[in-house]
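Sequential numbering from 1 along the given sequence is applied to the chain's residues.
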Amino acid sequence: QRQLVESGGGLVQPGGSLRLSCEVSGFTLDDYTIGWFRQAPGKEREGVSCIRNSDGNTYIRDSVKGRFTFSRDNTKNIMYLQMNNLEPEDTAEYYCAADLIMTVQEMCDMTYKLSSYDYWGQGIQVTVSS
């Protein structure tokens, strides 16, 4: 069964850190464009960071540059989002996703509707509050 499962979310104070994990089963991360997304209440889903290993292209949202780091462990087929110096504005449901065809720009710009992405995780809540 092909699926993505997120973990690591929770409640953290401003300035704190969290590391999200996305465990992939049923396919190999290395072949796909992969990304992290978030959706705050009342807002549209937005791309946070996307990577395609085959061409080395990466994207990271300006508002999280210097604070968030996207990494992957190909041996374990897991991707991570390390989030440091968290701000209340980072509060959202976070999702991981994978697509075989999309470019990094297409994926993180959300050029296509959600159903066009090959795989989505179920989402995990991150709340930044004092």
Side-chain angles (χ1 to χ4, degrees):
Q1 183 179 1
R2 299 183 177 189
Q3 62 179 1
L4 289 76
V5 179
E6 298 101 338
S7 60
L11 173 65
V12 63
Q13 292 186 343
S17 298
L18 284 174
R19 189 178 79 159
L20 303 183
S21 299
C22 176
E23 186 170 355
V24 177
S25 57
F27 64 96
T28 303
L29 273 180
D30 205 42
D31 298 331
Y32 285 71
T33 303
I34 56 177
W36 286 98
F37 300 77
R38 65 186 183 185
Q39 188 166 12
K43 295 188 177 181
E44 294 188 349
R45 196 168 299 186
E46 62 184 21
V48 175
S49 185
C50 298
I51 294 174
R52 187 167 182 95
N53 196 53
S54 61
D55 57 21
N57 283 337
T58 62
Y59 166 89
I60 188 161
R61 191 169 197 83
D62 284 346
S63 61
V64 306
K65 281 182 181 177
R67 301 189 298 120
F68 289 13
T69 304
F70 188 168
S71 63
R72 58 199 291 168
D73 185 333
N74 288 336
T75 62
K76 297 180 180 179
N77 223 25
I78 298 177
M79 52 180 151
Y80 303 99
L81 185 67
Q82 178 67 43
M83 306 185 293
N84 298 327
N85 195 21
L86 282 158
E87 302 170 353
E89 293 74 21
D90 297 316
T91 295
E93 188 87 356
Y94 282 73
Y95 300 84
C96 55
D99 192 271
L100 188 61
I101 303 299
M102 288 184 196
T103 66
V104 163
Q105 200 68 42
E106 288 170 341
M107 173 169 266
C108 258
D109 278 351
M110 305 208 68
T111 301
Y112 305 105
K113 57 187 178 182
L114 297 182
S115 59
S116 297
Y117 291 65
D118 287 338
Y119 306 107
W120 285 100
Q122 82 282 3
I124 193 161
Q125 180 66 35
V126 171
T127 303
V128 185
S129 175
S130 55

Quiz item: Is the Y117 to F37 ring centre distance short of 6.0 Å?
Solution: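 Yes, close enough.
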Self-check item: Heavy-atom pair with the smallest gap, counting every atom of N53 and N74
Solution: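 Closest approach of N53 to N74, heavy atoms only: ND2-ND2, 4.5 Å.
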Side-chain donor or acceptor of [X] paired with backbone N/O of [Y] under 3.5 Å:
| X | Y | value |
| --- | --- | --- |
| D31 | L100 | no |
| D99 | D118 | yes |
| E6 | Q122 | yes |
| R61 | G47 | yes |

Quiz item: salt bridge (charged side-chain N to carboxylate O under 4.0 Å, His left out): which pairs involve residues 105-117, sequence neighbours left out?
Solution: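 Residue pairs with at least one partner in residues 105-117: there are none.
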Practice problem: Evaluate the side chain to side chain contact (heavy atoms under 4.5 Å, CB included) criterion for residues M79 and L4: first the C-alpha distance (whole Å), next the side-chain angles of each, then the deciding distance (0.1 Å), finally the verdict. | Solution: CA-CA 10 Å; M79 52 180 151; L4 289 76; 3.8 Å; yes
Quiz item: Taking the six-membered ring of Y119, is the NZ or CZ of R2 close enough (under 6.0 Å from the centre) and on axis enough (within 45°)?
Solution: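 Relative to the ring axis of Y119, which defines the angle, R2 lies outside at least one limit.
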Practice problem: Please step through side chain to side chain contact (heavy atoms under 4.5 Å, CB included) for the pair L20 and M83, ending with a clear verdict. | Solution: CA-CA 8 Å; L20 303 183; M83 306 185 293; 3.7 Å; yes
Exercise. For atom CD of E23, decide whether the heavy atoms of other residues, nucleotides or ligands shown that lie under 6.0 angstrom number more than 12.
Key: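 Counting neighbours around CD of E23, 12 or fewer heavy atoms of other residues, nucleotides or ligands fall under 6.0 Å, so no.
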Exercise. Take E46 and R38 through the test side chain to side chain contact (heavy atoms under 4.5 Å, CB included) and record every step on the way to the result.
Key: CA-CA 6 Å; E46 62 184 21; R38 65 186 183 185; 2.8 Å; yes
Self-check item: Value rounded to 0.5 Å, distance of CZ in R72 from CG in L29
Solution: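 Nearest 0.5 Å value for the CZ-CG distance: 5.5 Å.
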Quiz prompt | Spatial distance of atom OG1 (T91) from atom CD (Q125) [nearest 0.5 Å] | solution =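 Answer rounded to 0.5 Å: 7.0 Å.
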